[in-house]
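Working notes, beginning with the structure itself.
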There are 2 protein chains.
Amino acid sequence: MPERPRGSSDAGQTRRRGAALEDAILRAAADELTEAGFSRLTMDKVATRAGTNKNALYRRWPNRLTLAIAAYRRLATTVQPPDTGSLRSDVLEWLRRANRYWSSPQGAILRELLAAAGGATELLAQLQEQSGDAAAAPWLTILGRAIARGEASPEALHPRVATIAMTLLRNEFVVRGAPSAPDEVLIEIVDEVYLPLVRGRSAPPA
Amino acid sequence: MPERPRGSSDAGQTRRRGAALEDAILRAAADELTEAGFSRLTMDKVATRAGTNKNALYRRWPNRLTLAIAAYRRLATTVQPPDTGSLRSDVLEWLRRANRYWSSPQGAILRELLAAAGGATELLAQLQEQSGDAAAAPWLTILGRAIARGEASPEALHPRVATIAMTLLRNEFVVRGAPSAPDEVLIEIVDEVYLPLVRGRSAPPA
DNA sequence: AGATTTACGGTACTGAACGTACCCTAATTG
DNA sequence: CAATTAGGGTACGTTCAGTACCGTAAATCT
C-alpha cells in the first residue's frame, strides 16, 4: 500500500485510525471552537470536518463537553511572566496580559467551557491548568523575585495571596460578564489590593 | 354557562389572566427550580404545573433562562449582617452564612443560572442583586462598624476591598466547583487576606 | 347589555442536536 | 492469510426549545 498523499483538506484518503484520527478530530474540534465557540460546536460538524463521523468521537469522549475541553487544551499556550525589576510593573503587566487573554476569542471559549462545566470538578480541573492552579506558578515567581528584592513580605508567598489579583480579575469576567476589564480596574486591583496586601503587616510602604 | 368546579389542584377555577396567571407561572417555575434545578426545568413542565401552556410563558419571557431567573428572584431572601462587636467574628460569621448558602440547594440553582447566563450582562445583573453588587452593602455595613471601632482603616471602605472575602469564597465555588468550602478555607481568607488588608497600611496590627 | 378587543388554552409542528444502534469494510495483528 | 479491531455510512430515538393557529373566555368599550 502506498503512502497517503494529502490535499490541503483534512479528508482522509485512506482510513486513518488511532492517534492519527484522534489528532484530526481534536484539530477539527479546536477549529470549530475558535470559529463558532462551544455553544455552536456540534458533534456532527466536528465529525464532518475531521472527515469522519460521530462514532469515532463517542468512542473516545463520552460527550460534547469533554471533547471540547480536550480540544481547548491544545489551543492553550504557555508564556513566561515578566521580569521588569519592579513588583508593581510585573504585576500590572501580567494582569494586563491576563485581561487580554480573557478578552480574546480564546478567553471567550474558556469562559464558555468554564460555564458549561458547571460544578463538574473533574472537568474543571482540566481547565484549571489554564485558568487556575497552574496559573499560580507565575504569580509565585513574580512574588518570589519581589521578596528577594525586599519589595514584599515573605508571608505573602502563599497561593491564595499571590494569585489574588488574578482571582479578582477573573471575577470581573465571570460575575460581571464584562467583555474586557478597563485598565483602571487593573490598576485599582494592584494598588488597592495587591500591593497593600503583599507588602505585608511588617514591611512599611516603600 | 355555570362556573366550572375544579379539584384541589392549581388548575384555575376560571380562566386566569394577567398578574394572577403570571404569579402562578412564577410559582410553578420556582417549584420546578427547587425540585429539579435549572438544567431539568422544561417549559412544558412549568406550563403544566401552572395549569397553562407554553404560550402563556413565551408571551411573558423570551426564553427559558429569563423565566428561570425571574422565578429565582422570588426564592431569594434578605438577611441582616451580624453585629458581634468584633470585625473578625462578624466577617467570619457572614462568610460562613454565605458558604452555607452557596452549598445549599438554592446556591446550586444560583450557580446553575450564573453558568447558564454566561456573559449575558443584563441577565447577570439581575442575579447580582443576590450574588454580587447588592451583596456588597452588608460588607460595607460590617466594615463601617469596624472602622468606627478603630479596627479597620477608613481607606478600606471601598467596594472592591470590602467584598473581597466574598469574592474569594465565590471563586472557590465557581472555579474549583467545590460543593462546599471547608471552614479552614474561610478562616484562611479572613486571617490571611481580609484582616491584613482592611487593617490597612496605616493602622498597626492589633 | 351587547360588541369588540385582548389574552388563555389546546394542540400540533418544526428544527436542532445529542447520543445510540447496526452493519459493512479497511487496517492491524498473529 | 485468517481473525480481530476500529472506522465509516447511515438511520434512528428522544428530548426540548420555540412557533403557529385557532377557538373561546374575560376584560374593555360604547
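Order of the sequence lines sets the chain letters (A, B, ...), proteins ahead of strands, with each chain counted from 1. Given the structure is predicted, the values throughout are model-derived calculations rather than measurements.
Side-chain proximity of Arg17(A) to dG7(D), dA17(D), dG8(D): nearest is dG7(D). Side chain of Asn53(B), nearest nucleotide from dG8(D), dG10(C), dC16(D): dG10(C). In the set dA17(D), dG9(C), dC18(C), dG9(C) carries the atom at the smallest distance from any side-chain atom of Arg15(B).
Taking 4.0 Å as the cut-off between side-chain N and carboxylate O, Arg49(A) and Glu35(A) count as a salt-bridged pair. Between Arg160(A) and Glu172(B) there is a salt bridge, since a side-chain N of the basic residue sits under 4.0 Å from a carboxylate O of the acidic one. A salt bridge between Arg27(B) and Asp31(B) is absent, with no side-chain N of the basic residue lying under 4.0 Å from a carboxylate O of the acidic one.
Place Arg40(B) and Arg59(B) on DNA chain D by their nearest nucleotides, and Arg40(B) ends up nearer the 5' end. Residues Arg60(A) and Lys54(A) each lie close to DNA chain D; by heavy-atom proximity, the contact nearer the 5' end of the strand is made by Arg60(A).
Taking atom OH on Tyr58(A) and atom C1' on dT10(D), their separation rounds to 16 Å, with Å as the unit. Nucleotide dC8(C) holds its P atom 8 Å from the CD1 atom of Ile25(B), rounded to whole Å. Between the CG atom of Asn63(B) and the P atom of dC16(D) there is a distance of 17 Å, rounded to whole Å. Distance CG (Leu57(A)) to C1' (dG8(D)): 12 Å, rounded to an integer number of Å. Taking atom CZ of residue Arg64(A) and atom P of nucleotide dA17(C), one finds them 9 Å apart after rounding to whole Å. For Phe38(A) and dA17(C), the CZ to C1' distance is 12 Å, given to the nearest whole Å. Atom CG in Asp44(A) sits roughly 13 Å away from atom C1' in dG8(D) (whole-Å rounding).
Backbone-only contact: Leu41(A) has heavy atoms under 4.0 Å from sugar-phosphate atoms and none from a base.
At a cut-off of 3.5 angstrom, the base of dA6(D) holds no donor-acceptor pair with the side chain of Asn55(A).
Under the 3.5 Å distance criterion, the side-chain polar atoms of Arg60(B) are matched with a main-chain donor or acceptor of Ala56(B). No donor-acceptor distance shorter than 3.5 angstrom exists from the side chain of Tyr101(B) to the backbone of Arg96(B), with no hydrogens or angles considered.
Of all heavy-atom pairs spanning Ser39(A) and Arg64(A), the tightest one is O-NH1, 4.0 Å.
With hydrogens and angles left out, the side-chain atoms of Ser153(B) and Glu155(B) include a donor and acceptor closer than 3.5 Å.
Axis deviation across the helix from dA1(C)-dT30(D) to dG30(C)-dC1(D) amounts to 20°, comparing end segments of five pairs, rounded to 10 degrees.
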